[in-house]
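Since the structure comes first, as structure tokens, the remarks are kept for the end.
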Number of protein chains: 4
Amino acid sequence: MQVLKEEVRSAILLAAYEEFRQSGYSEASIRRIAAAAGMTSGNIYRYFRNKEDLFDAIVGPLYSEYSRYAQEYLQTAEGIVTGGWDVQARTIFFERVQATLIGLLMASGPSLLLLLCRSEGSKYESIRSELTGFVESLLTKTFSAAKAAAGPLNENERIEIGMLSATLIEGVAWIAAKYHDSERLGTLVEQLIDVFGGGVEKRLLVYRDLNG
Amino acid sequence: MQVLKEEVRSAILLAAYEEFRQSGYSEASIRRIAAAAGMTSGNIYRYFRNKEDLFDAIVGPLYSEYSRYAQEYLQTAEGIVTGGWDVQARTIFFERVQATLIGLLMASGPSLLLLLCRSEGSKYESIRSELTGFVESLLTKTFSAAKAAAGPLNENERIEIGMLSATLIEGVAWIAAKYHDSERLGTLVEQLIDVFGGGVEKRLLVYRDLNG
Amino acid sequence: MQVLKEEVRSAILLAAYEEFRQSGYSEASIRRIAAAAGMTSGNIYRYFRNKEDLFDAIVGPLYSEYSRYAQEYLQTAEGIVTGGWDVQARTIFFERVQATLIGLLMASGPSLLLLLCRSEGSKYESIRSELTGFVESLLTKTFSAAKAAAGPLNENERIEIGMLSATLIEGVAWIAAKYHDSERLGTLVEQLIDVFGGGVEKRLLVYRDLNG
Amino acid sequence: MQVLKEEVRSAILLAAYEEFRQSGYSEASIRRIAAAAGMTSGNIYRYFRNKEDLFDAIVGPLYSEYSRYAQEYLQTAEGIVTGGWDVQARTIFFERVQATLIGLLMASGPSLLLLLCRSEGSKYESIRSELTGFVESLLTKTFSAAKAAAGPLNENERIEIGMLSATLIEGVAWIAAKYHDSERLGTLVEQLIDVFGGGVEKRLLVYRDLNG
DNA sequence: GATGAATGAGCCTTCATTCAT
DNA sequence: CATGAATGAAGGCTCATTCAT
């Protein structure tokens with residue numbers, strides 16, 4: 001049975017996804033992918049230039065989308081900030097972060113897992129810190145607004161924000177690695193952000209007093 | 001360029017640390033370590049039996065200490081639980097988790113990073129899930145106590161607890177990966193736990209109402 | 001220089017045979033085998049899982065056959081013993097040993113050499129002592145029967161039997177190492193057994209006198 | 001405690017003997033020898049140029065002695081042959097082979113074991129076939145004399161003689177490998193030669209008839 | 001289009017040997 | 001005299017990648 005090109009490509013991608021998921025980019029074996037896709041390793045190179053290219057084909061689109069998302073969102077956030085940053089604004093903010101992340105998770109399907117958790121050794125391995133930077137910039141706004149008249153953020157505060165952002169992303173990555181059912185994913189990220197939001201709120205009270 | 005033994009051993013450990021940090025246990029190359037340490041790969045085997053032994057030399061002591069810590073702590077936690085689990089007990093609990101983790105972090109220096117973040121493929125690779133399980137058991141107690149008469153934890157709640165525990169550990173790992181100054185480490189973990197504690201408190205309120 | 005699979009496999013086996021013959025299992029070098037077969041060492045692993053598997057491919061079938069042979073033979077020998085062990089029985093016995101060994105030799109071709117003489121370090125390295133034990137048990141029966149009323153074998157006699165058995169097998173191994181033409185093999189083992197038989201007969205006379 | 005040179009040399013030789021005996025020439029480890037001799041591997045090279053030289057020091061003298069022995073003996077054998085080769089001469093011959101081998105075994109002490117059984121990979125690995133050639137020349141004389149008027153030996157007979165000689169030496173080697181007590185060694189070689197002698201006698205009868 | 005044989009560089013590891021100390 | 005650190009070549013083996021078929 002002669003297999004059409006697109007079908008073969010899909011078969012490879014499917015097998016590659018599974019292999020990358022199980023072994024990570026570095027440890028993934030082209031041979032195993034080929035075997036799982038029902039062909040020889042050599043044939044994979046007719047469809048993809050090399051291992052990196054194959055990984056690209058799976059996570060690249062998502063990465064592009066993420067990039068667009070991120071940029072768009074940062075602008076929206078700008079708008080929110082401009083309109084003041086009180087408790088309500090903050091609520092909107094957290095709902096927004098939540099919506100964004102959940103949207104990303106649900107829209108991206110399984111490839112997010114690879115991008116976030118299995119990209120070590122590939123050119124995407126910095127994605128986590130990028131995402132972290134994204135959350136970081138939003139949290140920075142929140143803290144700055146809360147501090148208000150108390151002045152700009154000091155180094156300690158900036159470091160705390162960095163840590164919280166990173167941890168949030170690590171948590172999201174962990175969720176993505178463990179659960180693939182999108183409803184579950186949504187719920188968990190919601191809960192995670194809720195906990196973070198609650199905790200951050202509490203920490204911000206100190207500024208309220210200072211400002212009050 | 002004859003060097004004294006201890007110096008060479010140190011040079012190897014230094015180079016190995018850097019290599020493990022960059023590539024992780026599996027992908028680390030003995031040859032690269034040797035080159036970075038200014039010697040031939042063969043010479044490394046005069047100082048360490050094999051790759052595993054070399055990794056051991058860096059993270060083994062910390063792991064032992066962690067094991068001791070964990071065991072001790074579980075017993076202490078038991079004691080706390082027995083004495084009821086109200087807000088005060090919970091506060092003690094969180095301070096305790098904090099103290100334990102911070103103590104570990106401060107005692108460990110940079111090797112914690114390898115143990116937590118770069119041990120995949122080594123015999124230590126389960127450390128994160130161990131730590132997570134450890135936090136999980138404590139969080140489970142907290143939630144159970146809070147729920148009290150409302151009955152045992154359901155599946156969703158157990159999953160949420162798992163996620164929160166994992167995220168906490170991921171956050172600690174991230175901190176360990178980024179900062180090696182023990183004061184900074186202590187502060188950040190404190191802050192992280194504070195945020196988690198605050199967020200969890202907020203989430204537990206729903207049970208208080210149910211029980212009330 | 002693309003070659004068909006079976007040809008390559010044969011080329012590897014041929015080169016491996018030669019290498020094993022010259023260097024023995026332990027000292028044999030996969031790289032040398034590859035070079036002799038006109039390829040890279042890595043390619044050998046497309047045909048054989050590892051060094052042991054390669055050795056297996058050459059001597060394994062023979063070993064299996066030997067195992068079958070040995071088992072069958074031991075049962076036959078049992079039958080002979082039960083029917084008394086006079087000169088005629090002994091003659092049958094020697095003819096039988098002869099037939100067995102010769103059958104094995106003829107069926108085996110050159111691989112017997114590897115199995116008997118070059119298997120040190122492989123899982124077959126005990127074959128000589130197995131074969132020796134096999135011959136030993138038969139010789140023990142012969143001596144015991146000859147001694148008859150003179151009582152059981154003493155330690156010296158048991159040691160002598162061990163030595164004779166071992167020497168017979170060493171002789172067979174030597175023959176296998178030197179000649180691969182099955183007719184020649186047959187003749188030589190026949191002659192060897194004939195000499196042993198004659199010599200043993202002579203030594204047994206002393207018992208005949210004792211028993212007489 | 002400063003150790004005198006000769007003592008050190010002896011210690012090395014002793015350790016080397018044990019290592020060669022256990023592992024054979026090829027697999028013997030200079031490091032293990034050094035450790036067993038209570039020193040560093042480097043120091044061995046102050047006493048012996050290299051591994052081969054060390055093996056030489058143990059086995060070389062015996063080899064020289066063997067060479068002298070062999071030559072001498074061949075001449076003696078010549079004398080025996082000249083005086084006819086009847087049953088009595090043959091008896092003398094076998095007693096002589098026996099005496100020679102046993103003398104060699106007993107005089108040589110443990111080093112014969114290395115020379116005969118553990119020299120694979122060294123320049124002495126041909127010793128067995130040399131010894132075989134030696135026995136072969138004697139057996140050739142025996143058979144030739146027995147055949148007498150029946151003409152010179154044909155190829156089959158020469159091959160048989162070669163095989164018998166080799167087997168005898170293989171047997172002696174086996175004995176040397178297994179027993180180190182010189183009395184036991186003597187007895188066993190005696191018995192082996194007795195069996196061979198008896199067997200060969202029997203085979204020679206055919207010529208007697210032909211000649212008669 | 002696809003195969004799969006082949007390569008070559010790399011992996012961890014061992015070891016006889018050298019040489020600065 | 002002796003040490004032991006260091007080398008370099010070799011060991012078995014894996015794997016992404018290429019290319020004749």
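Letters A, B, ... are given to chains in the order of the sequence lines, protein chains preceding strands, and every chain is numbered from 1. No hydrogens, no waters, no symmetry mates; every other heavy atom, side chains included, goes into these values.
One interatomic measurement links the two molecules: CG of A:Asn50 to P of F:dC15, which rounds to 17 Å at whole-angstrom precision. Remark: P of F:dG12 and NZ of C:Lys51 are 5 Å apart, rounded to the nearest angstrom. Atom CD1 in A:Ile30 sits about 18 Å away from atom P in F:dT14, given to the nearest Å. Distance, C:Glu52 CD to F:dC13 C1': 14 Å, rounded to whole Å. For the pair C:Ile12 CD1 and E:dA5 C1', the interatomic distance rounds to 10 Å; values are reported in whole Å. Between the CE atom of C:Met39 and the C1' atom of E:dG8 there is a distance of 15 Å, given to the nearest Å. If you measure from atom CZ of B:Phe48 to atom P of F:dA6, you get 12 Å, rounded to the nearest angstrom. Between the CZ atom of C:Phe55 and the C1' atom of F:dG12 there is a distance of 16 Å, given to the nearest Å.
Of the side-chain N and O atoms in B:Ser29, none sit less than 4.0 angstrom from OP1 or OP2 of E:dG10. Put simply, D:Tyr47 has a side-chain N or O that comes within less than 4.0 Å of OP1 or OP2 on F:dA2. For C:Arg32 and F:dG11, the shortest distance from a side-chain N or O to OP1 or OP2 is below 4.0 Å. Dashed line: the shortest gap from a side-chain N or O of A:Asn43 to OP1 or OP2 of E:dG1 is not under 4.0 Å. For C:Arg46 and E:dA5, the shortest distance from a side-chain N or O to OP1 or OP2 is below 4.0 Å.
Place C:Thr40 and B:Tyr45 on DNA chain E by their nearest nucleotides, and C:Thr40 ends up nearer the 5' end. In this structure, B:Ser41 and C:Ile44 both approach DNA chain E, and ranking their closest nucleotides by distance from the 5' end singles out C:Ile44.
Counting any heavy atom pair closer than 4.0 Å across all strands shown, C:Ala37 reaches no nucleic acid atom. Within the nucleic acid shown, A:Ala34 has no heavy atom closer than 4.0 Å to any nucleic acid atom.
In terms of modelled atom types and a separation under 3.5 Å, the side chain of C:Ser119 and the main chain of C:Leu116 share no donor-acceptor contact. Here the side chain of A:Lys178 pairs no donor or acceptor atom with the backbone of A:Ala173 at under 3.5 angstrom.
Taking only distance into account, the side chain of C:Arg31 meets the base of F:dG12 through a donor-acceptor pair shorter than 3.5 Å.
Within 6.0 Å of the CD atom in C:Glu125, the count of heavy atoms belonging to other residues, nucleotides or ligands exceeds 12. In this structure, B:Glu120 places its CD atom where only 12 or fewer heavy-atom neighbours from other residues, nucleotides or ligands lie under 6.0 Å away.
When both pairing distances are held under 3.5 Å, F:dT21 makes a Watson-Crick or G-U pair with E:dA2. Base pairing annotation: F:dA16 forms a Watson-Crick or G-U wobble pair with E:dT7, both donor-acceptor distances under 3.5 Å. Under the Watson-Crick or G-U wobble criterion, with both distances below 3.5 Å, E:dT14 is paired with F:dA9.
Taking the six-membered ring where the residue is Trp, C:Phe55 and C:Tyr124 present tilted rings, their angle falling between 30° and 60°.
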TODO: Given side chain to side chain donor-acceptor pair (under 3.5 Å), test C:Tyr66 with C:Glu130 step by step and report yes or no.
DONE: CA-CA 11 Å; C:Tyr66 145 76; C:Glu130 274 178 50; 3.1 Å; yes
